[in-house]
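In each ligand, atom 1 is the first atom listed, and ligand 1 is the first ligand listed.
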Amino acid sequence: MSSRAQQPSQIWDAALGELQLQVDRTAFETWFKKTEGVALNDGEFVVGTETAFISEMLTKRMSQIVERAVEHVLGETTSVRFQVLTHADNPANGQADSERRADAAGADGDGADSQAAGSASYQATSAPFAPPPSLNARYTFDRFVVGKSNELAHAAARAVAANPGNAYNPLMLYSEVGLGKTHLMQAIGHQALGRGIDVRYTTAEDFTNEYIRAIHESTTEAFRQRYRSAGMLLLDDIQFLIGKEQTQEGFFHTFNSLHMSNVQIVITSDRPAHSLKILSERISSRLSSGLSADIQPPDYETRMAILIAKSRQLSVKVGDEVLELLGARIYSNIRELEGNLNRVVAYSDLMQRPLDVDLARQIIADTQEANKRRQPSEREVIDAVSAHFGVDTDTLRGPKRDKKTALARQVAMYILREDSDMGATAIARALGRKDHSTVLHGCKTIEREQNINANLRRSILEVRESLAAA
Ligand code: ADP
Ligand code: MG
């Protein structure tokens with residue numbers, strides 16, 4: 001096996017590509033965002049996480065699907081262990097890897113112990129306060145492949161990076177998930193950081209959580225200060241603010257004061273600008289004062305260009321035929337495209353198989369199969385929810401409305417809507433409700449609640465975990 005084959009980071013990248021398709025976005029962002037592949041020792045794969053809490057949650061709630069994803073990449077039975085590891089830089093060389101492996105071997109998975117076992121290059125994180133602006137080092141302009149589908153957004157981002165505060169303010173990028181909004185937004189951020197601008201990158205979700213905490217702790221003044229002193233504000237996934245009036249209010253004031261001082265603001269959304277009208281009138285009219293640029297799914301040429309660029313970054317030679325095969329499929333997002341390339345490369349390395357058309361075909365077929373598998377049936381969801389909440393299925397479908405039953409029912413609605421291909425009307429029927437508006441209301445309630453209620457989040461994860469294991 002080549003040494004590249006053993007790079008835990010590549011194995012983990014491929015596994016993440018798969019996990020991304022299996023868990024919903026919020027869960028993915030919450031649990032997997034800053035994880036890293038650390039080591040592979042004797043059938044045990046070690047994943048580094050940011051905090052002991054995340055390690056614990058992943059161990060308890062996600063270990064099965066993670067194990068399955070890693071096994072899928074490696075093609076053999078593997079156990080997975082999570083442990084806290086943060087590090088100052090991004091060691092990609094063998095030296096660093098063996099260091100990490102030693103660390104991994106020394107720690108025993110308990111949060112406190114693994115921190116103690118960390119070498120000097122790793123600091124234990126307890127993350128007492130908001131983390132520093134963390135831009136992904138890979139999300140730079142030179143790694144962004146430009147094609148027809150994204151050239152407008154790219155040009156706008158370049159203009160803003162060259163002339164922050166003066167070109168288009170705010171700049172709003174929108175597209176479906178996985179088409180490069182965060183990448184472009186952070187590319188602007190990198191360039192600005194390089195010029196000493198005080199860049200604040202945050203997701204609307206983090207912004208909301210911080211804001212809510214500030215209100216609880218009566219520290220809204222400090223919160224305001226923190227944002228109003230920014231030299232550039234990058235707010236990712238603003239659609240998250242829909243339905244959160246109080247946070248919108250907080251954002252509106254932050255936005256206004258920055259905008260008035262000509263501070264560049266960049267916003268992304270996975271909904272087209274006009275549907276953001278659900279945001280308060282004031283915000284949407286402010287947003288429309290800038291430029292909004294959309295990104296479309298990549299056409300064939302762009303897909304090929306991306307594949308070529310990515311395979312260069314992996315420093316591996318992939319034949320034209322294989323690239324064409326991978327590029328010929330329609331992808332709804334670029335992560336899937338990347339994921340397939342990563343998987344083909346990893347499989348070929350790990351299984352010592354030539355990187356050829358046969359292998360690529362097999363992997364594409366496998367991914368399609370995995371995608372199909374993740375859709376649970378109506379029956380499975382209802383059973384899993386019933387088991388988790390201890391509410392029997394007849395009661396779920398019946399008229400009872402006590403708190404526990406109502407919650408379980410709404411969770412069932414939510415999971416059916418998110419994870420199966422059932423529409424609201426079909427879900428209403430499945431759960432004995434009169435019409436689809438009850439379902440829409442239920443889903444909305446859960447969507448909102450889970451942002452502020454960790455227990456609910458946990459319950460949903462647990463139900464999904466049991467579905468994935470089924
Ligand atoms: P979004 O924020 O729209 O959901 P991301 O910016 O997270 O999407 O992009 C998803 C993945 O695809 C990232 O790994 C990103 O680097 C990659 N990607 C997206 N567009 C491009 C592109 N034009 N060139 C290279 N990589 C891209
Ligand atoms: Mg994004």
- Mind checking what makes ring pair (Phe, Tyr, Trp, His ring centres under 6.0 Å) contact with H190, not counting sequence neighbours? none
- Do the side chains of V80 and T59 get nearer than 4.5 Å, heavy atoms only? no
- Task: Pull out every atom of ligand 1 sitting under 4.0 Å from any heavy atom of V177, numbered as shown with elements.
- Result: 4 (O)
- Hey, is CD on E176 packed in by over 12 heavy atoms from elsewhere, all under 6.0 Å? no
- Winner among K181, E151, R335, H183 once heavy atoms are compared against atom 7 (O) of ligand 1: R335
- Item | Numbered atoms of ligand 1 (with element) below 4.0 Å of I334, judged on heavy atoms | 12 (O), 17 (C), 18 (N), 19 (C), 20 (N), 21 (C), 27 (C)
- Please say whether L179 places an N or O atom under 3.5 Å from an N or O atom belonging to ligand 1. yes
- For V146, is at least one N or O under 3.5 Å away from an N or O on ligand 1? no
With a cut-off of 3.5 Å and sequence neighbours excluded, list every side-chain donor-acceptor pair involving residues 155-168.
from : atom 1 : to   : atom 2 : distance (Å)
R158 : NE     : H154 : NE2    : 3.3
N163 : OD1    : N166 : ND2    : 3.4

- Message: Under 4.0 Å from a heavy atom of E338: which atoms of ligand 1 are those, numbered in the order shown and with their elements?
- Response: 11 (C), 12 (O), 13 (C), 14 (O), 15 (C), 17 (C)
- Could you grab the distance from atom NE2 of H183 to atom CD1 of I188, nearest 0.5 Å is fine? 11.0 Å
- Message: As an exercise, identify every atom of ligand 1 less than 4.0 angstrom from a heavy atom of S175.
- Response: 3 (O)
- Message: Which option wins on minimum heavy-atom distance to atom 9 (O) of ligand 1: G180, G17, G147?
- Response: G180
- S55-T49 side chain donor-acceptor pair, cut-off 3.5 Å: yes
- Nearest-0.5 Å distance that lies between atom OG1 in T140 and atom CG in L135: 11.0 Å
- Nearest non-hydrogen atom to atom 4 (O) of ligand 1 belongs to which of A153, G178, S149, P298? G178
- Under the 3.5 angstrom rule, does the side chain of D356 hit a backbone N or O of L359 as a donor-acceptor pair? yes
- Message: Counting only heavy atoms closer than 4.0 Å, does ligand 1 sit against the backbone of N150, its side chain, both, or neither?
- Response: side chain
- Examine M185 and say whether one of its N/O/S atoms is closer to the Mg ion (ligand 2) than 2.8 Å. no
- When you look for heavy atoms under 4.0 Å from ligand 1, do you find them on the side chain of K310, its backbone, both, or neither? side chain
